[in-house]
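Below you'll find the structure, written out as structure tokens, and then a few comments.
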Amino acid sequence: MPPRFDPSTRAMSQEPTQERASDRYNARAVEPRWQKIWKERGVFRTRNDDPRPKFYVLEMFPYPSGRIHIGHGRNYVMGDVLARYKRMAGFNVLHPMGWDAFGLPAENAAIERRVHPKEWTYENIATMREQLQLLGLSLDWDREIATCDPSYYVEQQRIFLDFLDNGLAYRKESEVNWDPVDNTVLANEQVIDGRGWRSGAVVERRKLSQWFFRITAFAQELLDAIDTLDRWPDKVRLMQRNWIGRSEGLEVLFEFARGEAPAGADAVKVYTTRPDTLYGASFLALSPDHPLTRDLAGKNQALAAFVAECKKGGTSAEEIETQEKLGFDTGLKVVHPLDDKRTVPVFVANFVLMDYGTGAIFGCPAHDQRDLDFARKYALPVVPVVLPPDTDAGAFAIGDVAYDGDGTLINSGFLDGMSVPDAKEAVARRLERFRVGGEPQGTRKVNFRLRDWGISRQRYWGCPIPVIHCESCGPVGVPRADLPVLLPEDVTFDRPGNPLDRAKAWREVACPKCGKPARRETDTMDTFVDSSWYFLRYASDNAQQPLDKAAVGHWLPVDQYIGGIEHAILHLLYSRFFTRALKACGRIDLEEPFAGLFTQGMIVHETYKDQDGKWLFPEEVKVLGTGKAVKIDDGTPVAVSPPEKMSKSKRNVVAPEAVADTYGVDCARWFMLSDTPPERDSEWTQGGIEGAWRFVQRIWRLVNEAIELGAPAAANRPDAFGEPALALRRAAHALAAQVADDVERLRFNVAVAHVYEFTNAFASAVAAARGAAPVPADLAYALREAAEIAVLVISPMTPHLAEECWATLGHEGLVAEAGWPRVDAALLRRDTVTLPIQINGKKRDDIVVPREATTAEVEEAVLQLESVRKALDGRAPKRIIVVPQRIVNVVA
RNA sequence: GCGGGCGUGGCGGAACUGGUAGACGCAGCGGACUCAAAAUCCGCCGUCCUCACGGAUAUGUCGGUUCGAGUCCGACCGCCCGCACCA
């Protein structure tokens with residue numbers, strides 16, 4: 001083990017004879033003691049019948065992947081600061097923790113290390129629970145849950161049956177990534193460059209019959225309610241709006257040209273949001289999955305081959321849309337809906353998604369980039385039909401870039417001269433009147449990009465879907481009395497595919513309806529289902545009633561939810577759907593689960609590689625500054641790369657235990673809150689943690705000095721305060737007010753800066769007191785008051801240090817149970833203000849005026865200023881702008 | 001491809017709703033204390049001109065609105081993130 005910087009041992013070795021015990025704060029000894037006391041006294045246990053106003057703080061629960069590194073700790077520490085602060089501010093705080101415990105990594109571990117997913121998961125939970133407890137988080141561990149526990153997922157199975165009964169769960173066919181070598185379904189992340197991550201085989205898209213939740217039934221509602229989420233980041237709200245993707249458009253029927261209609265189809269239905277560009281249509285494109293494509297491919301070998309080619313590669317939108325645009329000319333032609341003399345060719349194209357709209361589009365190359373790329377490739381006409389404003393029609397031509405802006409219609413028959421919105425309306429009106437086979441040729445249609453949520457996973461380690469398939473009765477819900485459907489434990493992972501398919505004894509059951517032999521559903525639920533209601537589970541302190549309507553009514557919505565931006569769409573949208581769906585089923589009375597949302601950034605760290613290109617742990621490296629570093633054991637040079645997300649594979653991780661041993665947990669907490677705004681990525685550095693260590697020591701020293709020099713605990717307040725006692729009191733009360741505001745707004749880095757600012761003032765006051773003998777009574781009082789306020793204020797951030805200081809100050813109770821310091825508003829008010837004086841917008845002077853000075857008084861005073869008189873040089877000012885209590889600008 | 005975000009000293013960043021740009025911390029430099037070092041304390045610290053007082057300039061680039069722009073608007077450049085089976 002390489003030597004590590006250890007400030008406490010370094011400090012211990014120096015002149016121990018001159019030190020008093022109080023000179024050094026020994027976090028390693030102090031922190032476990034307070035954690036034990038918190039635990040023994042049950043300080044953070046929450047009761048549902050507590051009469052104080054509620055506040056629910058929740059950080060997104062972790063996946064138990066093994067061990068946590070310090071990077072995982074940031075959002076828990078931020079949540080903890082808020083929870084501790086809110087407790088001090090008089091709230092009954094719910095701050096629970098649990099485990100998102102189902103999922104793919106456990107199965108990978110089972111395959112790679114021959115350990116059962118359950119065993120692997122629970123071992124990880126035990127390790128990570130201990131690590132989280134090390135951070136001193138004020139969590140109610142009595143409410144801990146794990147989603148893989150039958151006591152949790154039994155309720156999830158009941159919810160599934162509720163959804164089934166209410167038409168919110170159904171089966172349909174959908175595509176998956178299929179690995180033809182491993183014979184297994186792959187997650188998008190398991191598809192790398194179109195190949196399976198384990199087998200390397202080219203991935204195919206394949207259809208399977210799967211379970212879906214009808215989230216689209218709430219599409220409009222989910223969209224509308226985003227407006228009410230005013231304590232969510234705008235960014236997330238926008239991402240959700242775009243994800244739901246409401247569009248208003250027109251479904252248009254394109255009839256096949258005479259004599260060309262393939263069997264069973266007279267027309268193709270196309271969805272468009274740009275009916276105004278209809279005259280610019282130069283082709284029609286069908287999705288490779290369109291029913292018509294399938295019919296045609298049955299009779300056309302070349303088309304079948306093309307469709308097969310399209311099915312290669314993954315199912316993600318990213319892959320589909322970045323592929324080269326490919327088309328296959330079917331040879332068929334359709335008649336232009338607005339001009340029966342024109343026909344356009346029908347292609348099958350790989351970029352047309354079956355899941356959106358009708359699975360068929362018309363292409364207007366001039367005004368859609370994808371269509372333009374396609375048209376150029378297949379030499380189709382490009383006719384501009386929208387002329388940008390202030391453009392000459394003769395000079396306007398489309399090159400490589402489509403024009404999707406506003407303008408005036410051209411080359412468009414009866415639409416010529418109209419604006420885009422007018423043309424949209426005119427086309428809709430006309431096509432609504434036209435008939436094709438008795439149907440209107442055009443139908444206005446609101447479309448959503450949002451698709452129903454496919455929850456089937458062909459995997460073992462997930463919540464079993466409580467359904468039995470019967471030859472005669474079809475899919476039948478498992479009777480509630482028979483729940484939970486437990487995962488069978490005697491399964492093997494030595495072969496590819498879903499072990500549940502092979503668990504014969506478990507799979508083969510009698511049909512609950514007719515009693516005939518039937519088989520269990522072997523798909524399990526997407527783990528997003530597990531995380532769509534866990535925040536409701538915490539509200540109930542009763543394991544028998546995991547989803548308790550009254551408890552949910554009391555605690556929900558979550559007042560502050562904290563988690564990574566990577567969950568901005570799916571997890572949050574699914575959870576919003578779930579509360580609505582549960583309400584529709586009568587289970588709860590809640591629509592929006594999260595009133596406040598905060599998305600925190602990650603902790604990043606530099607990466608190090610030795611001369612052989614091997615990754616090195618930070619503790620193996622000595623950083624010399626100026627970007628250079630060497631290996632500690634042999635002094636060879638180390639390549640330093642910019643900070644990135646902590647990950648085991650790159651070894652740029654810091655273990656919480658190591659930080660706790662060397663500096664103490666409070667230093668880690670303080671550092672995680674310092675400097676960087678919480679929503680941004682923050683870099684973990686040696687310098688930073690050492691700065692935190694200096695701060696902790698400084699507070700300890702100052703508090704002890706203040707005790708020595710200050711008034712005793714119960715001293716009476718003097719009637720009058722002179723400077724500098726008044727200045728110190730002002731600083732202390734301002735600190736309490738500022739930090740309260742900073743924490744409420746989750747601006748932890750600013751709170752830290754305010755504490756530093758105060759600490760500097762406090763240190764000056766202590767130094768002044770040390771110089772005065774005896775210390776005047778007013779300053780003595782102010783010193784003690786300042787020390788107490790400081791300790792209370794830092795306690796949400798560095799709770800162990802605060803408890804130790806609080807006890808040293810002579811208090812019997814715990815800081816964890818103390819109230820936030822009462823701020824004396826009179827101390828924050830100033831009688832005079834300093835106004836900066838600008839001349840022509842540049843600052844030239846300052847002026848001190850009474851706080852209540854009128855504009856006229858300020859103007860008069862400003863004109864007397866030497867600097868202003870000089871600048872005006874006898875002339876009258878053109879203008880004087882006085883912003884009360886802010887600034888004065890003299891326009892000369 | 002589609003969607004979203006972010007650019008301020010050597011570094012992390014502060015600046016409430018358009019009102020003194022650079023708070024606070026890190027690093028650095030100088031000094032005190034010390035036999036010496038560490039720790040601690042004091043001072044300096046965007047750039048340029050000036051002995052100094054002070055002035056000019058400065059928030060990715062260019063332009064606009066305004067008495068006044070880091071903040072608002074437009075264009076551009078650069079970096080980052082998400083995209084439905086990772087959680």
Side-chain angles (χ1 to χ4, degrees), chain A residues 7 10-11 13-15 23-24 60-63 65 100 102-105 176-177 185-191 210 233-236 238-239 241-243 245 314-323 325 351 355 369-370 373 449-459 526-528 530-531 564-571 573-574 625-626 674-677 679-683 685 687-688 690-692 694-695 697-698 701 741 745 747 749-750 752-757 759-760 763 767 834-838 840-846 878-881 883 886-891:
Chain A
R10 185 171 63 181
S13 64
Q14 292 130 26
E15 301 190 44
D23 276 1
R24 183 148 297 99
M60 291 180 184
F61 66 167
Y63 179 78
S65 56
D100 191 9
F102 275 136
L104 211 43
V176 294
N177 297 309
V185 176
L186 298 177
N188 277 344
E189 71 155 10
Q190 296 173 323
V191 180
Q210 311 206 64
D234 287 342
K235 175 163 73 162
V236 175
L238 190 63
M239 283 165 90
R241 278 193 196 99
N242 290 336
W243 191 255
T315 59
S316 72
E318 187 186 4
E319 272 197 72
I320 291 169
E321 289 181 40
T322 51
Q323 284 168 353
K325 299 190 177 26
F351 64 91
D355 289 317
Q369 192 60 46
R370 281 184 305 190
D373 296 345
R449 208 182 73 99
L450 183 69
R451 309 199 299 255
D452 275 337
W453 173 14
I455 62 146
S456 284
R457 297 291 181 270
Q458 293 70 36
R459 313 201 183 285
D526 179 6
T527 55
F528 272 120
D530 310 339
S531 56
I565 186 71
E566 65 273 22
H567 294 291
I569 298 173
L570 293 184
H571 162 59
L573 194 62
Y574 290 154
T626 66
S674 303
D675 292 344
T676 308
E679 68 277 10
R680 261 192 239 175
D681 288 350
S682 158
E683 189 186 351
T685 61
E690 285 174 27
R694 279 197 295 272
F695 166 77
Q697 295 301 330
R698 192 170 189 220
R701 220 166 33 236
D741 186 54
R745 293 160 61 186
R747 292 154 44 91
N749 58 322
V750 183
V752 164
H754 280 136
V755 171
Y756 273 122
E757 213 169 356
T759 307
N760 292 338
T834 304
L835 294 181
I837 309 303
Q838 295 181 333
N840 293 331
K842 290 191 192 301
K843 196 212 160 195
R844 288 289 184 257
D845 212 339
D846 284 303
K878 284 201 190 108
R879 240 177 115 180
I880 300 181
I881 290 132
V883 184
R886 264 277 147 79
I887 201 165
V888 179
N889 190 10
V890 180
V891 185

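All chains are named by letter (A, B, ...) in the order of the sequence lines, taking the proteins before the strands, and each is independently numbered beginning at 1. Everything quoted here is computed from the prediction, not taken from an experiment.
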Problem - Heavy-atom closest contact (A:V752 atom, A:S674 atom, distance) - result: CG1-OG, 3.6 Å

Exercise for the section: Ignoring the backbone of A:D100, work out which of B:C24, B:A87, B:C41 is nearest its side chain. Expected result: B:A87

Problem - C1'-based separation of B:G60 from B:G78 [nearest Å] - result: 7 Å

Problem - Nucleotide forming a Watson-Crick or wobble pair with B:G7, both distances under 3.5 Å - result: B:C77

Exercise for the section: Sticking with atom P, work out how far B:G3 lies from B:C76, rounded to a whole angstrom. Expected result: 15 Å

Handout entry: Nearest-neighbour nucleotide for the A:R459 side chain, B:C85, B:G4, B:U20 considered
Key = B:C85

Problem - Distance, P atom - from B:A21 to B:G70, rounded to whole angstrom - result: 8 Å

Exercise for the section: Pick the P atom in B:A27 and in B:C42, then give their distance to the nearest Å. Expected result: 16 Å

Problem - With sequence neighbours excluded, residues passing side chain to side chain donor-acceptor pair (under 3.5 Å) with A:R680 - result: none

Completion exercise
Winner on side-chain proximity to A:E757, out of B:G12, B:C24, B:C86, is B:C24

Practice task
Test for a donor-acceptor pair under 3.5 Å between the base of B:C85 and the side chain of A:Q458, counting only N and O atoms.
Solution key: yes

Exercise for the section: Measure distances between side-chain N and O atoms of A:E683 and base N and O atoms of B:C26, and say whether any donor-acceptor pair falls under 3.5 Å. Expected result: no

Exercise for the section: Answer with base, sugar-phosphate or nothing: what part of the nucleic acid does A:L238 contact at a heavy-atom distance below 4.0 Å? Expected result: sugar-phosphate

Practice task
Verify the contact: side-chain N or O of A:R698 to OP1 or OP2 of B:C41, cut-off strictly under 4.0 Å; return yes or no.
Solution key: yes

Practice task
Go through B:G82, B:C85, B:C67 for me and flag the one nearest to the A:N889 side chain.
Solution key: B:C67

Handout entry: A:R457 side-chain N/O to B:C85 phosphate OP1/OP2 under 4.0 Å
Key = yes

Handout entry: Smallest separation among heavy atoms of A:N749 and A:D675, with atom names
Key = ND2-O, 3.4 Å

Fill in the blank from the handout: Base orientation of B:G9, chi within 90° of 0 counted as syn, else anti, reads syn

Problem - Where A:G691 and A:Y756 come nearest, the two heavy atoms and their spacing - result: O-OH, 4.0 Å

Practice task
With a 3.5 angstrom cut-off on both distances, give the Watson-Crick or G-U wobble partner of B:C83, or none if there isn't one.
Solution key: B:G1

Exercise for the section: Please measure how far the C1' atom in B:C33 lies from the corresponding atom in B:U17, and state the result in whole Å. Expected result: 50 Å

Practice task
Establish, with yes or no, whether the OP1 or OP2 oxygen of B:A84 is under 4.0 angstrom from a side-chain nitrogen or oxygen of A:R451.
Solution key: no

Problem - A:R449 side chain, from C-beta outward: closest of B:A84, B:A14, B:C85 - result: B:A84

Handout entry: Nearest-angstrom distance, P atom, B:G64 to B:G13
Key = 31 Å

Completion exercise
Here the pair of heavy atoms bringing A:G841 nearest to A:N889 is N-OD1, 3.0 Å

Exercise for the section: State whether A:N760 places a side-chain N or O below 4.0 Å from either non-bridging phosphate oxygen (OP1 or OP2) of B:G25. Expected result: yes

Problem - Presence of A:R844 side-chain N/O under 4.0 Å of B:A56 phosphate oxygens OP1/OP2 - result: yes

Problem - A:K235, nearest nucleotide to its side chain (from B:G5, B:G19, B:A14) - result: B:G5

Practice task
Tell me whether the OP1 or OP2 atom of B:G13 has a side-chain N or O from A:R680 closer than 4.0 Å.
Solution key: yes

Exercise for the section: Please tell me which of A:F528 and A:G687 maps to the more 5' nucleotide of RNA chain B, matching each residue to the nucleotide holding its nearest heavy atom. Expected result: A:G687

Practice task
May I ask you to say what A:S456 touches in the nucleic acid, namely base, sugar-phosphate or nothing, with a heavy-atom cut-off under 4.0 Å?
Solution key: base

Practice task
From the options B:C83, B:U20, B:C85, select the nucleotide whose nearest atom is closest to the side chain of A:P836.
Solution key: B:U20

Exercise for the section: Kindly say if A:T676 contacts the phosphate of B:G12, meaning a side-chain N or O under 4.0 Å from OP1 or OP2. Expected result: no

Exercise for the section: Report yes if some heavy atom in the side chain of A:F695 is under 4.5 Å from a heavy atom in the side chain of A:V755; otherwise report no. Expected result: yes

Practice task
Between B:C83, B:C67, B:A14, spot the one nearest the side chain of A:V891, thanks.
Solution key: B:C67

Practice task
Select one nucleotide: of B:C26, B:G82, B:A84, the one nearest the side-chain heavy atoms of A:R694.
Solution key: B:C26

Exercise for the section: Find out whether A:I837 and A:R844 are in side-chain contact, i.e. whether some heavy atom of one side chain is under 4.5 Å from a heavy atom of the other. Expected result: no

Handout entry: Touch class at under 4.0 angstrom, heavy-atom based, for A:W453 against every strand present
Key = nothing

Practice task
Mind checking A:P677 for me? I need base, sugar-phosphate or nothing, with any heavy atom below 4.0 Å counting as a touch.
Solution key: sugar-phosphate

Exercise for the section: With a 3.5 angstrom cut-off on both distances, give the Watson-Crick or G-U wobble partner of B:C41, or none if there isn't one. Expected result: B:G31

Problem - Whole-angstrom distance between B:G55 and B:C6, as gauged at atom P - result: 36 Å

Handout entry: Residue met sooner reading RNA chain B from 5', once A:Q838 and A:K842 are mapped to nucleotides
Key = A:Q838

Fill in the blank from the handout: Among B:G4, B:C85, B:C67, the one nearest any side-chain atom of A:M239 is B:G4

Handout entry: Rounded C1' spacing from B:U47 to B:U34 in Å
Key = 38 Å

Exercise for the section: Please list, chain by chain and in numerical order, all residues satisfying side chain to side chain contact (heavy atoms under 4.5 Å, CB included) with A:K878, sequence neighbours excluded. Expected result: A:V891

Practice task
Would you kindly check whether a donor in the side chain of A:N242 faces an acceptor in the base of B:G3, or vice versa, at under 3.5 angstrom?
Solution key: no

